[in-house]
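These notes concern the structure reproduced below.
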Amino acid sequence: METRLVVSSSPHLKTPESIQSVMTDVLLALFPAAIAGVVFFGWMGLLTMVLCMVSAMVTEAVILRQKNIFGDGSAAVTGLLLAMTLPPAPPWWLTVIGGVVAIVIGKQVFGGIGNNIFNPALVARAILMVSWAGHMTGWLSPVDLVSTATPLPLAARGVSTSFLSLFIGTVPGCIGETSAFALLLGAAWLFYKGHICWRIPGGYIGVVFLMGMFFGGMGSLATMVSVGLFHVLAGGVMLGALYMATDWVSSPVTPRGKLIFGIGCGIITMLVRLYGMYPEGVTFAILLMNAVTPLIDRATLPRKFGEVTK
Amino acid sequence: MSVMKDLSRGIIRDNAVFRLVLGLCPTLAVTGTAENGLGMGLSATAVLVCSNLVVAALRNVIPNKIRIPCFIVIIATFVTMVDMLLNAFLPALHAQLGIFVPLIVVNCVILGRAEAFASRNPVLNSAADGIGIGLGFTLALTTLGAVRELLSKGTIFHANILGSGYQPFQVFGFPPGAFIALGLMLALFNMLSRKFRLE
Amino acid sequence: MKEIARLGLILMLICAVAAGSLSYVNGITSAIIADREEKEKIAQMQKLFPDVATLEDKTVDGMTATIGLDGAGKMVGLLAEARTEGYAGTIRFTLAVDGSGKIVGVNILSQSETPGLGDKIKEPAFLSQFVGKTGKDPITAGQDIDILAGATVSTRAMASGVKKALAEILVRFMGAEAPKQPTFNPSALKDGKYTGTADGFKSDIKVEVTIVGGKITEIKVLEHNDTANFFKMAEEEVIPRIINKQSVEVDAASGATGSSKGIMQAVLNALAK
């Protein structure tokens with residue numbers, strides 16, 4: 001962008017889009033979920049989000065030795081995404097370490113933006129989860145902020161969590177994951193701008209629903225559907241499927257690859273939830289699928305025009 | 001090359017872990033604490049010196065075609081001996097290192113030195129090489145163990161360094177933390193060696 | 001051919017020397033190791049029961065215990081291994097019980113509970129709660145065993161596992177009488193409503209059973225705190241089966257075994273009074 005004269009061979013495609021403009025769009029898309037986080041979890045939610053973004057942006061600026069702290073905006077997105085996967089009131093140092101880890105270990109060691117194999121926010125979350133499981137599961141019930149359990153592992157407290165409250169987000173959980181409504185609203189903006197397509201979230205959410213239905217346990221059709229729906233709305237599937245798995249850098253580029261990626265994420269998530277030792281598997285599922293992204297891309301490479309199969 | 005040079009080279013310049021990037025299985029697996037790293041390093045050093053000695057002594061007897069099986073038999077013999085001796089005389093350390101002592105057999109540092117050095121150098125130089133590489137290996141494992149122990153428990157050699165208020169960074173106690181810590185240390189070592197022109 | 005024979009011979013020679021030297025070292029160390037292991041075993045038992053002089057391994061009904069005897073050959077205590085199903089797989093633990101049937105110590109051998117939450121069951125602060133308990137104590141999570149924050153299922157699994165293991169030890173090694181398996185016969189019961197409670201997956205389940213004309217006609221769940229969706233599955237499947245069979249010996253709902261078993265046990269407890 002700085003150099004006016006670009007010498008390169010044809011074709012010359014020009015787009016007003018830049019990394020910065022895309023990242024700004026993503027930030028805008030995360031806005032509804034962030035608002036929901038503040039409404040439900042109060043100023044601690046806001047503080048965590050701000051602290052996490054600042055820590056990620058400062059780390060990035062220091063490593064790249066750049067004066068503009070916002071930079072290309074990718075660190076801000078990483079920080080905000082990470083904050084959304086944190087519990088409502090983590091200790092301040094946990095938030096700061098999370099931001100630093102996301103940028104250093106999740107992104108810069110691989111060579112910075114565009115080169116990271118894994119989603120940086122999820123790398124940080126996985127490391128924090130393994131290191132400080134106690135702090136990472138300090139769930140608060142929304143609004144009245146009393147310590148409690150999330151719907152997913154030890155859910156419902158006798159009264160079934162209503163699907164309406166799961167959809168709106170008035171359930172305990174991470175800052176940005178509880179409100180499916182706010183997340184869908186933001187995702188609609190990304191769809192509209194063409195930054196994400198339906199394949200990854202569609203494959204992901206579809207598989208979670210089907211596996212929840214058929215492996216969550218047998219019962220009447222209504223119960224099976226409700227268990228499936230519960231698995232889609234509870235926990236981090238919505239946030240993961242719409243914002244994390246769709247990360248440009250760490251997900252496949254081919255259309256078929258995207259579908260495979262989404263389905264793989266869904267299968268691993270449900271395996272962890274149903275049979276694993278952690279109650280939630282979104283983080284590990286997306287990280288594992290990130291690792292096989294290059295393989296998926298190679299296997300699903302579209303044929304060149306006119307190419308003949310041997 | 002002089003014996004002294006063969007000895008000193010293995011410690012920093014040809015450090016098995018940080019420069020040759022060999023023997024990573026034990027490096028990653030048993031460095032949860034500084035003590036385990038030290039114990040593993042010294043056990044491997046003992047095996048390395050013995051196997052280097054014997055391989056060098058037999059280097060003109062062992063036919064080229066079957067040298068690898070011969071090396072493995074020699075190394076396995078010493079490893080089994082170390083395993084039995086540790087179990088008999090240092091049971092606490094033996095219990096800590098567990099399965100990783102028998103696994104010294106497949107530690108590529110030892111086979112690598114037998115193949116690359118001991119099979120083509122005199123006995124004395126080979127022993128010196130074994131000691132040097134062994135000490136370098138021990139140094140690397142102990143440092144890595146110390147770093148991981150400090151971060152994951154706040155202690156080094158069980159001595160509390162960071163105080164009781166420290167919130168342990170537990171990931172460094174687990175296998176993923178071993179990879180992260182080793183990667184960061186390799187980066188640091190590369191940076192330092194470029195600065196001091198070790199190349 | 002000659003070449004192969006030569007190579008084989010050399011390799012064989014090296015192996016022979018290796019084997020010889022190994023058997024020599026083994027000869028020196030094996031006695032020391034065996035001696036030390038025996039001493040360690042006794043020392044471990046003596047830590048629990050200071051009067052132990054000799055040990056004896058005994059297996060009754062598939063349960064193996066190391067029994068510590070004093071100088072006179074009287075049992076002072078035993079150490080047995082048991083297992084229980086936790087949140088994420090089997091928890092193996094040892095239970096030390098003294099001659100009077102009191103728990104002296106519980107030690108976790110292996111577990112795969114969630115790191116940082118469920119795996120707190122292996123900490124001394126948690127395990128020491130079991131010390132001093134006897135067969136008469138409730139040994140129930142939430143009563144005399146504190147529930148670990150964020151690890152309800154693991155705590156409950158440990159409490160019920162220890163309780164069950166202690167009961168088995170008392171019957172098998174200490175000569176306690178086996179408790180009568182409670183049974184019921186619906187046709188012998190008067191018409192009316194009966195209530196009973198039992199352990200579910202993570203909470204107590206309270207049911208009300210209606211008997212009309214010597215038959216179970218209705219089972220209502222009054223209280224429970226299990227995960228709602230999974231409990232519903234258990235409820236929908238298990239209750240019709242019980243009414244159908246007029247017995248609690250029915251299959252559990254897959255995916256909701258804990259809640260299913262809780263319902264069956266609660267019905268049994270209600271009617272067996």
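Convention: sequence-line order gives letters A, B, ...; per-chain numbering from 1. Nothing here was measured: the structure is a model prediction, and the numbers come from that model.
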Exercise. For B/F157, does the CZ atom sit with more than 12 other heavy atoms under 6.0 Å from it, leaving out its own atoms?
Worked result: yes
Exercise. Between A/I105 and chain B, which part of the residue has a heavy atom less than 4.5 Å away: side chain, backbone, both or neither?
Worked result: side chain
For this session: Identify which part of B/F174 has an atom lying under 4.5 Å from any heavy atom of chain A, answering side chain, backbone, both or neither.
Result: side chain
Exercise. Which bit of A/L94 comes within less than 4.5 Å of chain B, counting heavy atoms only: side chain, backbone, both or neither?
Worked result: neither
For this session: Please report the C-alpha distance between A/I127 and B/I180 in whole Å, then the side-chain angles of each, then the deciding distance to 0.1 Å, and finally whether the side-chain contact (heavy atoms from CB on, under 4.5 Å) criterion is met.
Result: CA-CA 10 Å; A/I127 288 177; B/I180 296 173; 3.7 Å; yes
Exercise. For A/V123, is it the side chain, the backbone, both, or neither that has a heavy atom closer than 4.5 Å to a heavy atom of chain B?
Worked result: neither
For this session: Test B/F169 against A/V101 for side-chain contact (heavy atoms from CB on, under 4.5 Å), laying out the working first.
Result: CA-CA 12 Å; B/F169 205 153; A/V101 165; 4.3 Å; yes
Tell me which donor-acceptor pairs, judged by distance alone and kept under 3.5 Å, run between chain A and chain B, one pair per line.
| from | atom 1 | to | atom 2 | distance (Å) |
| --- | --- | --- | --- | --- |
| A/S131 | OG | B/V171 | N | 2.9 |
| A/W132 | NE1 | B/Q167 | O | 3.4 |
| A/W132 | NE1 | B/P168 | O | 2.8 |
| A/H135 | NE2 | B/Q167 | OE1 | 3.2 |

